[in-house]
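As the structure lists them, so they are numbered: ligands from 1, and atoms in each ligand from 1.
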Amino acid sequence: MLKKVCIGVLVSGSGSNLQSIIDHIESGTLDAEIKIVISNNPDAFALDRCKKHQICAMVVDHRQFDSRESYDRQMIAILESSGVELVVMAGFMRILSSEFFRAYPRRIMNIHPALLPAFPGTHVQKKAVEYGVKFAGCTVHFADEGVDTGPIIIQSVVPVYEDDTTDTLAARILKEEHRIYPQAIQYYAEGRIKIQGCKVFIHNTHRLAEKALHNPPLTRF
Ligand code: GAR
């Protein structure tokens, strides 16, 4: 049997990605164990999810620290004492310090609701609708010190329709987030991820059929 990867999940809000990870662990499709969930927000709904599933959770409120470094030091101490090997940011709306990256080099995953490197930052579904892109999506990547940068593990693409609002597009993307985040963690658990420079190689994946997508669909060509 595969050894479970010990993860620590960082959250700030609703925690629907956390829920998807929990559900996949409980159904046996994800070989991971959540050692600890840390929220910077005491009111995060993610904390209710932890209670319901008897997962150990802690609030580390950034407002009670005088610097980013001291905040991160506290988080590192908790993660290390909980035996976390992989840090999973799931809607964690804070930038991490260099010290954090030194503590968990290439062992911090993040999910972002856009096709990186397009649309880093915040309110990206709104920006995608306003820009008029025809495809959007989500990305799981290893975080580095930039904002939403670092080696990309997996992406999912969704169409953007002419009548989309920020909410309809965000919902379509979120559904895919819930599929690709557990998959990325499972790749890690299976030891199939190799990082070379800025690229991630997944051992033993089959090659996607070479088929382009068009939106709107081609009618004649
Ligand atoms: C998700 O859409 C996630 O991709 C995004 O926050 C949301 C959290 O939802 N993260 C970022 O924008 C990070 N740059 P959740 O709390 O329901 O998982």
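The salt bridge (Lys or Arg N to Asp or Glu O under 4.0 Å) contacts involving residues 102-112 comprise nothing, where partners must be two or more places apart or lie in separate chains. Pairs engaging residues 48-62 under the side chain to side chain donor-acceptor pair (under 3.5 Å) rule: Ser14-Arg49, Gln19-Arg49, Gln19-His53, Glu26-His53, Asn40-His62, Asp61-Arg63 [sequence neighbours left out].
Using modelled atom types, no side-chain atom of Asn110 and backbone atom of Ala143 make a donor-acceptor pair closer than 3.5 Å. The backbone N or O of Ser97 sits less than 3.5 Å from a side-chain atom of Asp72, completing a donor-acceptor pair.
Listed by chain and number, Ser14, Gly15, Ser16, Asn17, Gly91, Met93, Ile111, His112, Pro113, Asp148, Leu174, Glu177 each place a non-hydrogen atom less than 4.0 angstrom from ligand 1.
Note that Arg172 lies outside the cation-pi zone of Tyr161, set by a 6.0 Å cut-off to the ring centre and a 45° limit from the axis.
Taking Ile, Leu, Val, Met, Phe, Trp and Tyr as members and joining any whose side-chain heavy atoms lie under 4.5 Å apart, directly or through other members, Met93 forms no hydrophobic cluster with any other residue.
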